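Working notes, structure below.
What you see is a predicted model; the values in this text were computed from it and never measured.
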Amino acid sequence: MDVGALPAALTLAVALVACDAAPDPTPHEVVEVASVPATPSRALDLVLQVDNSGSTVHLQFALAEALPALLDAIAIDGELPDLHIAVVSSDLGTTGSLDPSQPAPDIGMVGQGGCAGAGDDGGFVTNGAPITGTFVVDESDGAGGRTTNYTGTLADAVRQMVSVGSVGCGFEQPLAATRRALERADQASFVRPDASLAVLVLADEDDCSVRDPQFFTADTSTLGDLQSFRCTRFGITCAEPLDALGIKTACAPDEASSYVDGIQRFADFFAGLKRHDQLVIAAIAGVPDPFEIIEHTINGMPQLGLAHSCMWQDTTTTHFADPGVRLAALAERLASRGAFEPVCTFDLRPALRAIALPIRRSLGIACIDTASLADTSPEPGIQPACEAYDVSPQGIATPLPRCPADGDCFELVTDPAACPTTDDHARIAITRTAPPPPGTRVDVRCER
């Protein structure tokens, strides 16, 4: 069986590095470039996590305009997967993960960046879109048509759903809100056992998923001023102190924070929902670098703050985004199943096409981007040094030899139809003598 079911007429095999090729003296890192179901799936549950804090309407508009590019890019042979699509806002009010039922007192003016109670509490939001229920259903009916729960086009329905407004809590908790959404019993039918799960976060500030609701108290002696720099102070750690001005380096999520949840907690949560090869986490947010602490003047008082890491301008307005260190780190921890793209543009179509690549992998289409991989052979063409493994549901990895070989084997092929979003259209193809056991995945690792 060939992952991606490539017709023979389209298979253009490109030889991998020969075992006896001259050694490359340059040291290379071996990285996971794909983890795909050995038996392709055609079902996808997609969560769109949309920042609804102040001044984010332009982000929502950009996402809405670019959504057709994502839908086109995840279609396989011109047909969409069997889809569930839900939208979740970033507003969890003043709750923390230690006890979501006990929020801190309200802060600020609700509707103008203030936070109250549980906010949207991880509920799926539809914003008046013409759908029946709380999330989109668009599935093959098995007879060449589609079974849907919306009127009009899919793109128009989802466009309306992502227009969540910008009156939500200014302490954005996108990861915790997504976790809350997927834990709610009244939304349990969204995640299907046989479907891949993809979460796409859109934000112009980093994740600030609160652990202890005391984070929201007015105790400035311990926590500092009640403004978004608390998210930086308690959610990030850098090589240099965060209580002094200047550029910071080696910044990463603070996994030991008492007030903000560590990123590993979310990685573990999502991993508990889906198999390794069925999970994709992506973010479109502010670039992590530069990371600089500056001084703001708020209400006439100097306060520490985080400098914007990028900006972009339309005809009348300059827009900003802050470093998305935590969101980028979560995507990086998922290796080939994660994606992080800059939000700093009005055209999000390239970002969504890039995010479609790991989503297609989760459906069994093993496309890889060879641009960053090491070329360790003097032969022309695509020549990365790669290894592939069948991995059982119990985690037992069995190496696959390169084709041609007796029995199951793998090769790199050029396939523009299956891999339209990569420049070289490279795909890992598996030749099999018998179907693999249910739950088997194929992991591919290459040098870069």
S101 versus D99, side-chain donor and acceptor atoms under 3.5 Å = yes

Rounding to 0.5 Å, atoms CZ (R211) and OG (S258) come to a distance of 8.0 Å

Value for CG (L197) from NE2 (H84), rounded to nearest 0.5 Å, stands at 12.0 Å

ask   = For Q227 and Q303, does a side-chain donor sit closer than 3.5 Å to a side-chain acceptor?
value = yes

Q. Counting only N and O atoms by type, is there a donor-acceptor contact under 3.5 Å from the side chain of R180 to the main-chain atoms of L92?
A. no

Is it the case that the side chain of D314 and the backbone of T317 share a donor-acceptor pair, with hydrogens and angles ignored and the cut-off at 3.5 Å? yes

ask   = Would you say the side chain of V442 lies within less than 4.5 Å of the side chain of Y389, judging by non-hydrogen atoms?
value = no

E32 meets the salt bridge (charged side-chain N to carboxylate O under 4.0 Å, His left out) criterion, sequence neighbours left out, with R337

Checklist line | Test item: side-chain donor near acceptor, D91 and S89, under 3.5 Å | finding: no

Would you list the atom pairs, donor with acceptor, under 3.5 Å between side chains in residues 324-335 and any protein atom, with sequence neighbours excluded?
from, atom 1, to, atom 2, distance (Å)
R326, NE, D207, O, 3.0
R326, NE, D207, OD2, 3.2
R326, NH1, D261, O, 3.0
R326, NH2, D207, OD2, 2.7
R326, NH2, D261, O, 2.8
R333, NH1, E255, OE2, 3.1
R333, NH1, Q264, OE1, 2.9
R333, NH2, E255, OE2, 2.9

Sorted by chain and residue number, the salt bridge (charged side-chain N to carboxylate O under 4.0 Å, His left out) partners of D390 (sequence neighbours excluded) come out as R432

**Q.** Any side-chain heavy-atom pair of L200 and V47 under 4.5 Å
**A.** no

Using modelled atom types only, decide if a donor and an acceptor are shared between the side chain of E292 and the backbone of G246 within a distance under 3.5 Å. no

d(L63 CG, H58 NE2) to nearest 0.5 Å is 12.0 Å

*asked:* Whether the side chain of D415 engages the backbone of C419 through a donor-acceptor N/O pair (distance < 3.5 Å, no angle test) should be reported.
replied: no

Query raised in the report: Hey, is R159 close enough to D156 for a salt bridge, meaning N to O under 4.0 Å?
Result: yes

- Are the side chain of E295 and the backbone of L245 linked by a donor-acceptor contact shorter than 3.5 Å? no

Original post:
Checking side chain to side chain contact (heavy atoms under 4.5 Å, CB included) for the pair Y259/L223: CA distance, chi angles, key distance, verdict?
Top reply: CA-CA 9 Å; Y259 292 101; L223 301 175; 3.5 Å; yes

| message | Quick one: does any side-chain atom of E139 pair with a main-chain N or O of R146 as donor and acceptor, under 3.5 Å? | response | no

task: Indicate yes or no for a side-chain donor-acceptor contact from T440 to the backbone of P436 under 3.5 Å, with no hydrogens or angles considered.
output: no

Before accepting this row, confirm whether a basic side-chain N of the pair D277/R361 lies closer than 4.0 Å to the acidic partner's carboxylate O.
no

- Message: Assess whether a salt bridge exists between D194 and R192, defined as any Lys/Arg side-chain N lying under 4.0 Å from an Asp/Glu carboxylate O.
- Response: no

- Item | Side-chain donor-acceptor pair present, T345, D347, cut-off under 3.5 Å | no

> If we only count heavy atoms from C-beta on, is the V199 to V280 side-chain gap below 4.5 Å?
Replying inline: no

When every non-hydrogen atom of S35 is compared with those of H276, the smallest separation belongs to OG-CD2, 2.8 Å

Fill in: Sub-4.5 Å side-chain heavy-atom contact between L348 and L59
no

Are the charged groups of R441 and D443 less than 4.0 angstrom apart, N to O?
yes

Across all chains, not counting sequence neighbours, the side chain to side chain donor-acceptor pair (under 3.5 Å) partners of Q394 are S392

Are S189 and F135 close enough that some pair of their side-chain heavy atoms sits under 4.5 Å apart?
yes

Separation between OG1 (T134) and CG (D186), nearest 0.5 Å, reads 7.5 Å

Checking L83, I365, T421 against I74 for side-chain contact (heavy atoms from CB on, under 4.5 Å), the one that qualifies is L83

- Message: Looking only at side-chain N and O atoms, does Q278 offer a donor or acceptor that is under 3.5 Å from a partner on S362?
- Response: no

Quiz item: Considering residues, nucleotides and ligands other than F61, do more than 12 of their heavy atoms fall under 6.0 Å from its CZ?
Solution: no

Checklist line | F234 and D254: CA distance, side-chain angles, deciding distance, side chain to side chain contact (heavy atoms under 4.5 Å, CB included) verdict | finding: CA-CA 7 Å; F234 295 103; D254 186 351; over 6 Å; no

Taking every heavy atom of G122 against every heavy atom of V88, the minimum-distance pair comes out as CA-CG1, 4.1 Å

Point to revise | Between Q60 and T56: side-chain donor-acceptor atoms closer than 3.5 Å | key: yes

Rounding to 0.5 Å, atoms CE (M311) and OG (S309) come to a distance of 9.5 Å

ask   = Does L70 offer a backbone N or O that forms a donor-acceptor pair with the side chain of R353 under 3.5 Å?
value = no

(Q) Before you tell me yes or no, could you show the steps for F270 and T178 under side chain to side chain contact (heavy atoms under 4.5 Å, CB included), namely the whole-Å CA-CA distance, both residues' side-chain angles and the distance that decides it to 0.1 Å? (A) CA-CA 10 Å; F270 291 120; T178 303; 4.0 Å; yes

Q. Taking side chain as C-beta onward, heavy atoms only, is F215 less than 4.5 Å from F171?
A. yes

d(D204 CG, H319 NE2) to nearest 0.5 Å is 10.0 Å

Which of D138, L67, V162, V136 passes side-chain contact (heavy atoms from CB on, under 4.5 Å) with I85? It is V136

- Query: Does some side-chain heavy atom of I131 sit less than 4.5 Å from a side-chain heavy atom of T148?
  - Reply: no

- prompt: What's the verdict on side-chain hydrogen bond (donor to acceptor under 3.5 Å, both in side chains) for D219 and T217, showing C-alpha distance, side-chain angles and the deciding distance?
  reply: CA-CA 5 Å; D219 179 10; T217 68; 5.2 Å; no

**Asked** Backbone N or O of V260 within a donor-acceptor pair of the S257 side chain at under 3.5 Å?
**Response** yes

For T94, the side chain to side chain donor-acceptor pair (under 3.5 Å) test, sequence neighbours excluded, returns none

Fill in: Step-by-step side chain to side chain contact (heavy atoms under 4.5 Å, CB included) determination, R42 to I76
CA-CA 9 Å; R42 292 296 182 267; I76 300 170; 3.6 Å; yes

Heavy atoms of W312 and C310 approach each other most closely as CZ3-SG, 4.3 Å

Q) Is there a donor-acceptor contact under 3.5 Å linking the side chains of T220 and D225? A) no

Check whether Q160 reaches the backbone of P130 with its side chain - one donor and one acceptor, N or O, closer than 3.5 Å. no

Validation row: L202, V343 side chains within 4.5 angstrom (heavy atoms): yes

*Are E29 and R448 ion-paired here, with the side-chain N under 4.0 Å from a carboxylate O?*
yes

Hits for side-chain contact (heavy atoms from CB on, under 4.5 Å) against E205, two or more places apart or cross-chain, chain-then-number order -> E172, S228, D322

